[in-house]
Amino acid sequence: MDAEIRNGDKMSFSGTVKEELLKHVAPARHCQIAELAAILHFCGHYEGLQDEKKVFVQNAEKNDKNTVKLFIQAENETVVRKCFTLLKKTFNINTSLNESFSKKTAGRTASCSILLEDPEEVRQVLQGTKFMDKEGRLADLHGPVSALLIKNACCQRAFLRGAFLAAGSMSDPEKSYHLEIVCTDPAQAEQICSILLLFQVEARIVQRKKYQIVYMKDGTGISDFLNIVEAHVSLMTFENYRIVKEMRNSVNRRVNCETANISKTVSASTRQVDDILYLKQKYGLANLPENLRQMAEVRLANPDAPLRELGEYLDPPVGKSGVNHRLRKLSELADRLREVPKEQ
């Protein structure tokens, strides 16, 4: 479910954001636990669980077949590295990273993991992240996390940070705006959306195969999200892309508008010249009133000139509205002449 961090030798924007989040460690322990809970929530699972009651065996030996092991695995090494850091800071647990490779049609996909086997360490982590109660009963790692973990705004930020690290991705903002977090359970997705709403950020949920996808396509919402998870360097980069894109769109709109106006002017000018030539042939310009005759001759002599410029060629000069009025009179006269044969 993790997004690719690298595209060839170039790191993706999504990968850049995750590298920044890797280096950001909240100063408060409760926030660190909230972020660790998010990673367990998306990337963790139990091993060695023998019964359906999901009860942790207290005082078990490390190799006891009835004890529970905690396994954290992700394709993105950044996620597991952050988990490694949080385990050290919150519970003083030193563990090692394991890297393996799974074969896919396009090549090999790296998989990085942490396995906690010591019963006491597993108990500390699961109770600290509220996935185990005092009696040793285990909660579903992929169900909604305890509200106690995310009751403070700082912990909500940390939880979203961990969620994006573990299951999030972003498109290149130079191409499009799209941020998503892949969830395995509808309740998981609803909880992410509920937390975002607390920060006045609206996200939507769509089903993709067996997953529930929390996503945003609005540039402002994505910008707010980066601010919430405290990816401030990535936020500035994203905003720079937005500014350039908006300026480019503004220029394109202006060019399109000017092109449309030019096209409209050329079309009107062509129609006016056609009407005047028809009058010249069927009626004679000399038979027109002086103001209309002069207007007709000026338009024929300057077929591409705008109305304001045509008015300056008249004697005496006439404003834009006056020129438009005279040209409309010429067109109306031409239309009446065209209708004469139909009435006879």
Side-chain angles (χ1 to χ4, degrees), residues 1-43 72-90 97 99 110 112 114 150 152-183 192 195-196 198-199 201 203 213-245:
M1 293 189 296
D2 295 300
E4 268 193 325
I5 286 296
R6 296 184 181 277
N7 182 9
D9 294 328
K10 182 181 178 182
M11 182 173 289
S12 67
F13 187 78
S14 185
T16 302
V17 175
K18 292 190 177 187
E19 282 293 327
E20 182 179 357
L21 296 182
L22 168 66
K23 297 171 185 175
H24 181 94
V25 180
R29 184 173 185 270
H30 51 81
C31 294
Q32 295 170 8
I33 290 176
E35 187 170 355
L36 178 60
I39 295 174
L40 295 180
H41 186 50
F42 285 95
C43 298
I72 303 103
Q73 184 177 32
E75 292 178 8
N76 180 355
E77 183 187 344
T78 307
V79 181
V80 183
R81 283 161 59 198
K82 187 61 175 288
C83 186
F84 178 87
T85 300
L86 293 172
L87 285 171
K88 172 65 177 175
K89 286 186 172 292
T90 53
L97 305 182
E99 189 173 34
C112 200
I114 292 175
I150 50 175
N152 300 322
C154 57
C155 295
Q156 293 160 6
R157 291 175 182 272
F159 182 81
L160 290 173
R161 184 162 55 245
F164 182 79
L165 263 173
S169 64
M170 277 186 68
S171 62
D172 183 347
E174 193 172 12
K175 298 176 181 177
S176 64
Y177 299 146
H178 184 87
L179 182 148
E180 66 178 43
I181 297 175
V182 181
C183 303
I192 294 291
I195 297 171
L196 286 170
L198 296 174
F199 293 97
V201 175
I213 312 297
V214 176
Y215 73 95
M216 287 179 274
K217 288 184 175 290
D218 174 59
T220 301
I222 295 174
S223 182
D224 289 342
F225 180 88
L226 292 174
N227 186 47
I228 291 166
V229 299
E230 300 175 278
H232 297 133
V233 175
S234 298
L235 170 61
M236 294 301 296
T237 304
F238 182 80
E239 284 299 312
N240 286 338
Y241 279 120
R242 287 186 71 197
I243 290 168
V244 171
K245 185 176 286 188

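What you see is a predicted model; the values in this text were computed from it and never measured.
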Looking only at heavy atoms, which two atoms of Ser176 and Lys245 are closest? And how far apart?
N-NZ, 3.8 Å
Looking only at non-hydrogen atoms, find the nearest pair between Val79 and Ala74 and report the distance.
CB-CB, 4.0 Å
The test is side chain to side chain contact (heavy atoms under 4.5 Å, CB included); show your working for Phe42 and Cys183 and say whether it passes.
CA-CA 7 Å; Phe42 285 95; Cys183 303; 3.9 Å; yes
Looking only at heavy atoms, what is the nearest atom pair of Leu22 and Val25, with distance?
O-CG2, 4.4 Å
Nearest 0.5 angstrom please: Leu165 CG to Glu19 CD, how far?
9.5 Å
Say you draw a straight line from CG of Leu40 to CG of Leu87; how long is it, rounded to the nearest 0.5 Å?
7.5 Å
Taking atom NZ of Lys89 as the centre, does the number of heavy atoms from other residues, nucleotides or ligands within less than 6.0 Å exceed 12?
no
So, taking the atom named CG in Asp224 and the one named CE in Met216, what distance separates them when rounded to the nearest 0.5 Å?
8.5 Å
Can you check side chain to side chain contact (heavy atoms under 4.5 Å, CB included) on Ile192 and Phe159, steps first, answer last?
CA-CA 9 Å; Ile192 294 291; Phe159 182 81; 3.7 Å; yes
Considering non-hydrogen atoms only, spot the tightest contact between Gly168 and Ser14 and give its length.
O-OG, 4.4 Å
Under the 3.5 angstrom rule, does the side chain of Asn152 hit a backbone N or O of Cys154 as a donor-acceptor pair?
no
Where do Ile195 and Gln156 come nearest, in terms of heavy atoms and distance?
CG2-CB, 3.8 Å
When you compare the side chain of Met170 with that of Phe164, does any pair of heavy atoms fall below 4.5 Å?
yes
Heavy-atom closest contact (Tyr241 atom, Pro173 atom, distance):
CD1-CG, 3.3 Å
Let me confirm one number: the SG-CG distance from Cys155 to Leu160, rounded to the nearest 0.5 Å.
11.5 Å
Is the backbone N or O of Ser234 less than 3.5 Å from a side-chain atom of Glu20, with the two atoms forming a donor-acceptor pair by type?
yes
Just by distance, do the side chain of Lys82 and the backbone of Leu21 share a donor-acceptor pair under 3.5 Å?
yes
Any salt bridge between Glu230 and Arg157, counting N to O under 4.0 Å?
no
Test item: Gln32 side-chain N/O and Ala26 main-chain N/O as donor-acceptor pair under 3.5 Å
yes
Contact between Arg242 and Glu239 at the side-chain level, heavy atoms closer than 4.5 Å - yes or no?
yes
Any salt bridge linking Lys18 with Glu77? Criterion: basic side-chain nitrogen under 4.0 Å from a carboxylate oxygen.
no
Indicate yes or no for a side-chain donor-acceptor contact from Thr90 to the backbone of Ile33 under 3.5 Å, with no hydrogens or angles considered.
no
What distance separates Asp218 CG from Leu179 CG, expressed to the nearest 0.5 Å?
11.5 Å
Please round to the nearest 0.5 Å and tell me the distance separating atom CG of Leu235 and atom CG of Asn240.
9.5 Å
Do Glu180 and Val214 pass the side chain to side chain contact (heavy atoms under 4.5 Å, CB included) test, and can you show the C-alpha distance, the side-chain angles, and the key distance before you say yes or no?
CA-CA 5 Å; Glu180 66 178 43; Val214 176; over 6 Å; no
Does the ring-ring contact (aromatic ring centres under 6.0 Å, His included) test come out yes or no for Tyr177 and Phe238, once each step is laid out?
CA-CA 10 Å; Tyr177 299 146; Phe238 182 80; 5.5 Å; yes
